[in-house]
2 protein chains.
Amino acid sequence: MPNQQPSLDLMFQALADPARRGMVERLSRGPASVSELARPLDMSLPAVMQHLAMLEAGGIVTSQKVGRVRTCALQPQALSLAEQWINQRRTQWAQRLDRLGDFLAAEEETQ
Amino acid sequence: MPNQQPSLDLMFQALADPARRGMVERLSRGPASVSELARPLDMSLPAVMQHLAMLEAGGIVTSQKVGRVRTCALQPQALSLAEQWINQRRTQWAQRLDRLGDFLAAEEETQ
DNA sequence: CCAATAGTTAGGCAATTGCTTGACTATCCA
DNA sequence: TGGATAGTCAAGCAATTGCCTAACTATTGG
(Lines give C-alpha, C1' and ligand atoms only; values in the text may rest on other atoms or scores of the structure.)
Protein backbone atom coordinates (compact mmCIF):
# COMPACT_ATOMS: atom_id res chain seq x y z
CA MET A 1 0.00 0.00 0.00
CA PRO A 2 1.72 3.19 -1.16
CA ASN A 3 1.36 5.42 1.87
CA GLN A 4 0.48 8.60 0.06
CA GLN A 5 0.23 11.78 2.06
CA PRO A 6 -1.27 14.09 -0.53
CA SER A 7 -0.83 17.78 0.12
CA LEU A 8 -3.72 20.19 0.37
CA ASP A 9 -2.01 22.06 -2.46
CA LEU A 10 -2.38 19.18 -4.85
CA MET A 11 -5.88 18.32 -3.66
CA PHE A 12 -7.31 21.78 -4.15
CA GLN A 13 -5.34 22.18 -7.36
CA ALA A 14 -6.92 18.97 -8.62
CA LEU A 15 -10.40 20.28 -7.81
CA ALA A 16 -9.81 23.68 -9.41
CA ASP A 17 -10.64 22.56 -12.93
CA PRO A 18 -14.14 21.85 -14.30
CA ALA A 19 -12.98 18.87 -16.37
CA ARG A 20 -11.41 17.28 -13.31
CA ARG A 21 -14.45 18.03 -11.16
CA GLY A 22 -16.52 16.42 -13.89
CA MET A 23 -14.39 13.33 -13.59
CA VAL A 24 -14.80 13.33 -9.80
CA GLU A 25 -18.54 13.76 -10.25
CA ARG A 26 -18.60 10.77 -12.57
CA LEU A 27 -16.48 8.69 -10.21
CA SER A 28 -18.73 9.54 -7.27
CA ARG A 29 -21.31 7.36 -9.04
CA GLY A 30 -18.88 4.46 -9.30
CA PRO A 31 -15.59 3.38 -10.88
CA ALA A 32 -14.90 4.09 -14.54
CA SER A 33 -12.31 3.50 -17.23
CA VAL A 34 -10.23 6.28 -18.75
CA SER A 35 -12.34 6.23 -21.91
CA GLU A 36 -15.54 6.48 -19.90
CA LEU A 37 -14.13 9.51 -18.10
CA ALA A 38 -13.09 11.01 -21.43
CA ARG A 39 -16.41 10.44 -23.23
CA PRO A 40 -18.28 13.60 -22.09
CA LEU A 41 -15.20 15.79 -22.10
CA ASP A 42 -14.54 17.00 -25.66
CA MET A 43 -10.78 16.74 -25.45
CA SER A 44 -8.13 14.26 -26.55
CA LEU A 45 -7.36 11.17 -24.53
CA PRO A 46 -3.85 12.36 -23.62
CA ALA A 47 -5.41 15.50 -22.17
CA VAL A 48 -7.72 13.36 -20.03
CA MET A 49 -4.71 11.33 -18.92
CA GLN A 50 -3.00 14.47 -17.71
CA HIS A 51 -6.07 15.48 -15.71
CA LEU A 52 -6.22 11.99 -14.28
CA ALA A 53 -2.57 12.27 -13.27
CA MET A 54 -3.34 15.44 -11.34
CA LEU A 55 -6.28 13.80 -9.59
CA GLU A 56 -4.01 10.92 -8.62
CA ALA A 57 -1.25 13.30 -7.48
CA GLY A 58 -3.83 14.93 -5.22
CA GLY A 59 -4.75 11.53 -3.81
CA ILE A 60 -8.35 12.05 -4.91
CA VAL A 61 -8.42 9.16 -7.35
CA THR A 62 -6.61 5.85 -7.62
CA SER A 63 -6.46 3.56 -10.61
CA GLN A 64 -5.13 0.23 -11.66
CA LYS A 65 -4.77 -1.40 -15.00
CA VAL A 66 -6.26 -4.81 -15.73
CA GLY A 67 -5.67 -6.08 -19.22
CA ARG A 68 -5.77 -3.02 -21.41
CA VAL A 69 -8.32 -1.16 -19.27
CA ARG A 70 -7.37 1.25 -16.51
CA THR A 71 -10.14 1.49 -13.93
CA CYS A 72 -10.34 4.62 -11.77
CA ALA A 73 -12.02 5.04 -8.39
CA LEU A 74 -12.61 7.85 -5.93
CA GLN A 75 -10.49 8.04 -2.78
CA PRO A 76 -12.90 9.57 -0.26
CA GLN A 77 -10.32 10.07 2.50
CA ALA A 78 -8.59 12.77 0.46
CA LEU A 79 -11.87 14.54 -0.21
CA SER A 80 -12.60 14.31 3.50
CA LEU A 81 -9.28 15.96 4.33
CA ALA A 82 -9.95 18.91 2.05
CA GLU A 83 -13.46 19.20 3.41
CA GLN A 84 -12.18 19.25 6.98
CA TRP A 85 -9.67 21.97 6.27
CA ILE A 86 -12.36 24.25 4.89
CA ASN A 87 -14.78 23.37 7.67
CA GLN A 88 -12.26 24.22 10.38
CA ARG A 89 -11.50 27.70 8.99
CA ARG A 90 -15.17 28.39 8.44
CA THR A 91 -16.30 27.33 11.91
CA GLN A 92 -13.42 29.15 13.58
CA TRP A 93 -14.63 32.29 11.88
CA ALA A 94 -18.21 31.60 12.94
CA GLN A 95 -17.16 31.08 16.55
CA ARG A 96 -15.26 34.35 16.53
CA LEU A 97 -18.39 36.11 15.31
CA ASP A 98 -20.38 34.46 18.10
CA ARG A 99 -17.95 35.66 20.75
CA LEU A 100 -18.08 39.13 19.24
CA GLY A 101 -21.86 39.00 19.44
CA ASP A 102 -21.70 37.99 23.09
CA PHE A 103 -19.27 40.80 23.79
CA LEU A 104 -21.49 43.38 22.13
CA ALA A 105 -24.54 42.07 24.00
CA ALA A 106 -22.65 42.36 27.29
CA GLU A 107 -21.60 45.90 26.41
CA GLU A 108 -25.25 46.70 25.76
CA GLU A 109 -26.27 45.44 29.22
CA THR A 110 -23.61 47.34 31.14
CA GLN A 111 -24.77 50.62 29.67
CA MET B 1 -23.95 44.85 -2.39
CA PRO B 2 -22.03 43.42 -5.40
CA ASN B 3 -23.81 40.12 -5.95
CA GLN B 4 -20.78 37.98 -6.72
CA GLN B 5 -21.28 34.41 -7.87
CA PRO B 6 -17.76 33.04 -7.52
CA SER B 7 -17.02 29.89 -9.47
CA LEU B 8 -15.80 26.69 -7.88
CA ASP B 9 -12.82 26.98 -10.22
CA LEU B 10 -11.70 30.24 -8.67
CA MET B 11 -12.50 29.08 -5.13
CA PHE B 12 -10.46 25.90 -5.30
CA GLN B 13 -7.74 27.68 -7.25
CA ALA B 14 -7.56 30.24 -4.46
CA LEU B 15 -7.19 27.50 -1.85
CA ALA B 16 -4.53 25.59 -3.81
CA ASP B 17 -1.60 27.66 -2.56
CA PRO B 18 -0.02 27.50 0.90
CA ALA B 19 0.51 31.26 1.10
CA ARG B 20 -3.16 31.87 0.34
CA ARG B 21 -4.30 29.20 2.79
CA GLY B 22 -2.06 30.89 5.35
CA MET B 23 -3.89 34.13 4.69
CA VAL B 24 -7.25 32.37 5.06
CA GLU B 25 -6.02 30.79 8.29
CA ARG B 26 -5.05 34.21 9.62
CA LEU B 27 -8.36 35.73 8.55
CA SER B 28 -10.30 32.93 10.24
CA ARG B 29 -9.06 34.49 13.49
CA GLY B 30 -10.39 37.92 12.52
CA PRO B 31 -9.95 40.72 9.97
CA ALA B 32 -6.48 41.94 9.05
CA SER B 33 -4.72 44.54 6.94
CA VAL B 34 -2.65 43.67 3.88
CA SER B 35 0.57 44.24 5.83
CA GLU B 36 -0.59 41.96 8.64
CA LEU B 37 -1.32 39.25 6.09
CA ALA B 38 2.09 39.80 4.53
CA ARG B 39 4.10 39.77 7.78
CA PRO B 40 4.58 35.99 8.17
CA LEU B 41 4.90 35.33 4.47
CA ASP B 42 8.49 36.11 3.36
CA MET B 43 7.53 37.66 0.06
CA SER B 44 7.11 41.13 -1.33
CA LEU B 45 3.97 43.16 -0.75
CA PRO B 46 3.02 43.10 -4.46
CA ALA B 47 3.14 39.30 -4.34
CA VAL B 48 0.79 39.33 -1.36
CA MET B 49 -1.52 41.68 -3.24
CA GLN B 50 -1.72 39.21 -6.11
CA HIS B 51 -2.61 36.39 -3.75
CA LEU B 52 -5.21 38.61 -2.14
CA ALA B 53 -6.66 39.36 -5.57
CA MET B 54 -7.06 35.64 -6.22
CA LEU B 55 -8.76 35.15 -2.86
CA GLU B 56 -11.14 37.98 -3.71
CA ALA B 57 -11.73 36.61 -7.20
CA GLY B 58 -12.73 33.33 -5.55
CA GLY B 59 -15.14 35.18 -3.29
CA ILE B 60 -13.33 33.84 -0.24
CA VAL B 61 -12.18 37.21 1.03
CA THR B 62 -13.55 40.73 0.80
CA SER B 63 -11.72 43.93 1.62
CA GLN B 64 -12.30 47.64 1.79
CA LYS B 65 -9.93 50.51 2.16
CA VAL B 66 -10.32 53.08 4.90
CA GLY B 67 -7.75 55.83 4.85
CA ARG B 68 -4.55 54.16 3.71
CA VAL B 69 -5.35 50.78 5.26
CA ARG B 70 -7.11 47.98 3.41
CA THR B 71 -8.86 45.64 5.81
CA CYS B 72 -9.59 42.08 4.69
CA ALA B 73 -12.19 39.67 6.04
CA LEU B 74 -13.25 36.11 5.38
CA GLN B 75 -16.41 35.43 3.37
CA PRO B 76 -17.68 32.19 4.92
CA GLN B 77 -20.47 31.60 2.36
CA ALA B 78 -17.88 30.91 -0.33
CA LEU B 79 -16.02 28.47 1.88
CA SER B 80 -19.33 26.83 2.65
CA LEU B 81 -20.05 26.38 -1.05
CA ALA B 82 -16.73 24.65 -1.70
CA GLU B 83 -17.24 22.50 1.37
CA GLN B 84 -20.69 21.45 0.18
CA TRP B 85 -19.43 20.47 -3.24
CA ILE B 86 -16.83 18.15 -1.74
CA ASN B 87 -19.26 16.79 0.81
CA GLN B 88 -21.84 15.90 -1.82
CA ARG B 89 -19.39 13.90 -3.97
CA ARG B 90 -17.97 12.18 -0.93
CA THR B 91 -21.31 11.18 0.54
CA GLN B 92 -22.65 10.07 -2.82
CA TRP B 93 -19.68 7.74 -3.05
CA ALA B 94 -20.27 6.50 0.51
CA GLN B 95 -23.95 5.79 -0.22
CA ARG B 96 -23.01 3.83 -3.30
CA LEU B 97 -20.66 1.74 -1.20
CA ASP B 98 -23.44 1.19 1.34
CA ARG B 99 -25.84 -0.04 -1.31
CA LEU B 100 -23.12 -2.29 -2.66
CA GLY B 101 -22.61 -3.65 0.85
CA ASP B 102 -26.33 -4.29 1.22
CA PHE B 103 -26.37 -6.07 -2.10
CA LEU B 104 -23.45 -8.28 -1.17
CA ALA B 105 -25.01 -9.05 2.22
CA ALA B 106 -28.26 -10.04 0.50
CA GLU B 107 -26.32 -12.26 -1.92
CA GLU B 108 -24.69 -13.87 1.10
CA GLU B 109 -28.06 -14.66 2.70
CA THR B 110 -29.60 -16.18 -0.39
CA GLN B 111 -26.81 -18.69 -0.68
C1' DC C 1 4.82 70.97 5.09
C1' DC C 2 7.50 66.74 5.09
C1' DA C 3 8.70 62.19 6.20
C1' DA C 4 7.14 57.75 7.32
C1' DT C 5 3.57 54.40 6.44
C1' DA C 6 0.38 51.55 3.49
C1' DG C 7 -0.69 50.23 -0.58
C1' DT C 8 -0.63 50.11 -5.78
C1' DT C 9 0.96 49.82 -10.70
C1' DA C 10 3.92 48.21 -14.29
C1' DG C 11 7.19 45.39 -16.48
C1' DG C 12 9.74 41.33 -16.74
C1' DC C 13 11.06 36.49 -16.17
C1' DA C 14 11.04 31.33 -15.13
C1' DA C 15 8.04 27.54 -14.23
C1' DT C 16 3.67 25.27 -14.78
C1' DT C 17 -0.80 24.15 -16.98
C1' DG C 18 -3.71 22.66 -20.55
C1' DC C 19 -4.05 21.38 -24.68
C1' DT C 20 -2.67 19.55 -29.30
C1' DT C 21 -0.87 15.96 -32.84
C1' DG C 22 1.73 11.90 -34.17
C1' DA C 23 3.73 7.77 -33.14
C1' DC C 24 3.81 3.93 -30.33
C1' DT C 25 2.66 -0.40 -27.13
C1' DA C 26 -0.27 -3.77 -25.24
C1' DT C 27 -4.40 -6.51 -25.26
C1' DC C 28 -8.38 -8.70 -27.03
C1' DC C 29 -11.04 -11.38 -30.15
C1' DA C 30 -12.68 -13.25 -34.71
C1' DT D 1 -2.51 -13.83 -37.17
C1' DG D 2 -4.20 -9.43 -37.80
C1' DG D 3 -7.22 -5.64 -36.99
C1' DA D 4 -9.74 -3.05 -33.63
C1' DT D 5 -9.57 -1.25 -28.94
C1' DA D 6 -7.46 1.10 -24.80
C1' DG D 7 -4.04 3.49 -23.31
C1' DT D 8 0.65 5.84 -23.27
C1' DC D 9 4.77 8.70 -24.58
C1' DA D 10 6.88 12.78 -26.45
C1' DA D 11 7.34 17.18 -28.36
C1' DG D 12 5.63 21.61 -28.82
C1' DC D 13 2.93 25.76 -28.01
C1' DA D 14 -0.01 29.55 -25.91
C1' DA D 15 -1.72 31.19 -21.65
C1' DT D 16 -1.32 31.62 -16.73
C1' DT D 17 1.01 31.76 -12.18
C1' DG D 18 4.12 33.39 -8.94
C1' DC D 19 7.53 35.90 -7.97
C1' DC D 20 10.65 39.97 -8.33
C1' DT D 21 12.19 45.15 -8.53
C1' DA D 22 11.42 49.95 -9.35
C1' DA D 23 8.59 53.64 -9.36
C1' DC D 24 4.50 55.65 -7.97
C1' DT D 25 0.17 57.53 -5.12
C1' DA D 26 -2.36 58.42 -1.02
C1' DT D 27 -2.66 59.14 4.02
C1' DT D 28 -1.17 60.20 8.49
C1' DG D 29 1.22 62.40 12.24
C1' DG D 30 4.76 65.53 14.03
Side-chain angles (χ1 to χ4, degrees), chain A residues 2 6-27 30-74 78 82, chain B residues 2 6-27 30-74 78 82:
Chain A
S7 69
L8 286 169
D9 280 42
L10 294 177
M11 277 184 233
F12 285 125
Q13 188 64 47
L15 295 176
D17 182 280
R20 289 194 291 267
R21 281 199 309 281
M23 293 164 76
V24 170
E25 180 102 40
R26 167 64 189 80
L27 291 175
S33 71
V34 176
S35 305
E36 281 173 322
L37 291 178
R39 190 144 27 232
L41 279 185
D42 189 34
M43 66 177 71
S44 69
L45 212 50
V48 174
M49 297 274 302
Q50 284 177 313
H51 284 304
L52 179 59
M54 292 195 72
L55 286 169
E56 295 206 54
I60 290 175
V61 165
T62 54
S63 71
Q64 70 266 348
K65 200 167 176 176
V66 174
R68 62 184 167 177
V69 174
R70 177 173 296 281
T71 301
C72 309
L74 219 54
Chain B
S7 69
L8 285 169
D9 280 41
L10 294 177
M11 276 185 233
F12 285 126
Q13 187 63 48
L15 294 176
D17 181 278
R20 289 194 289 267
R21 282 199 308 281
M23 292 166 76
V24 169
E25 179 102 43
R26 167 64 188 83
L27 290 175
S33 71
V34 175
S35 306
E36 280 173 320
L37 291 178
R39 190 144 30 230
L41 280 185
D42 190 34
M43 67 177 68
S44 69
L45 211 50
V48 174
M49 297 274 302
Q50 282 176 313
H51 284 304
L52 180 59
M54 292 194 71
L55 287 169
E56 296 205 55
I60 291 176
V61 165
T62 53
S63 71
Q64 67 267 349
K65 200 167 176 177
V66 175
R68 62 183 167 177
V69 175
R70 176 171 298 279
T71 300
C72 309
L74 219 55

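Across the protein-nucleic acid pair, B:Glu36 atom CD and C:dA6 atom C1' stand 12 Å apart, rounded to whole Å. If you take CZ of A:Arg68 and P of C:dT27, they are 10 Å apart, rounded to a whole angstrom. Between the CD atom of B:Gln50 and the P atom of C:dA14 there is a distance of 17 Å, rounded to whole Å. One atom, CE of A:Met49, and another, P of C:dT21, lie 17 Å apart when rounded to the nearest Å. Rounding to whole angstrom units, CZ of residue A:Arg70 and P of C:dT27 are separated by 12 Å. Between the P atom of C:dG18 and the CG atom of A:Asp42 lies a distance of 16 Å, rounded to the nearest Å. C:dG18 atom C1' lies 13 Å from atom CG of A:Leu41, rounded to whole Å. Atoms CG (A:Leu55) and P (C:dT17) sit 13 Å apart, rounded to a whole Å.
In this structure, CG in A:Asp9 is found 4.5 Å from CZ in B:Arg21, a value given to the nearest 0.5 Å. Interatomic distance, A:Asp17 CG to B:Leu8 CG, rounded to the nearest 0.5 Å: 11.5 Å. Note: B:Leu45 CG to B:Arg39 CZ = 11.0 Å, rounded to the nearest 0.5 Å. How far CE of B:Met23 is from CG of B:Leu52: 5.0 Å, rounded to the nearest 0.5 Å. One finds the CE atom of B:Met54 at 4.5 Å from the CD atom of B:Gln13 (value rounded to the nearest 0.5 Å).
Bracketed by its first and final contacts, the part of DNA chain D lying under 4.0 Å from non-hydrogen atoms of chain A reaches from D:dA4 to D:dC9 in 5' to 3' order.
Across all strands, A:Ala47 comes closer than 4.0 Å to base atoms (heavy-atom distances).
For A:Ala19 and B:Val69, each mapped to the nucleotide of DNA chain C holding its nearest heavy atom, the one lying further toward the 5' end belongs to B:Val69.
No side-chain heavy atom of B:Thr71 sits less than 4.5 Å from a side-chain heavy atom of B:Val66.
Residue A:His51 places none of its side-chain N or O atoms closer than 4.0 Å to OP1 or OP2 of C:dT17.
The list of side chain to side chain donor-acceptor pair (under 3.5 Å) pairs with a residue in residues 45-54 of chain A, not counting sequence neighbours, reads A:Arg20-A:His51.
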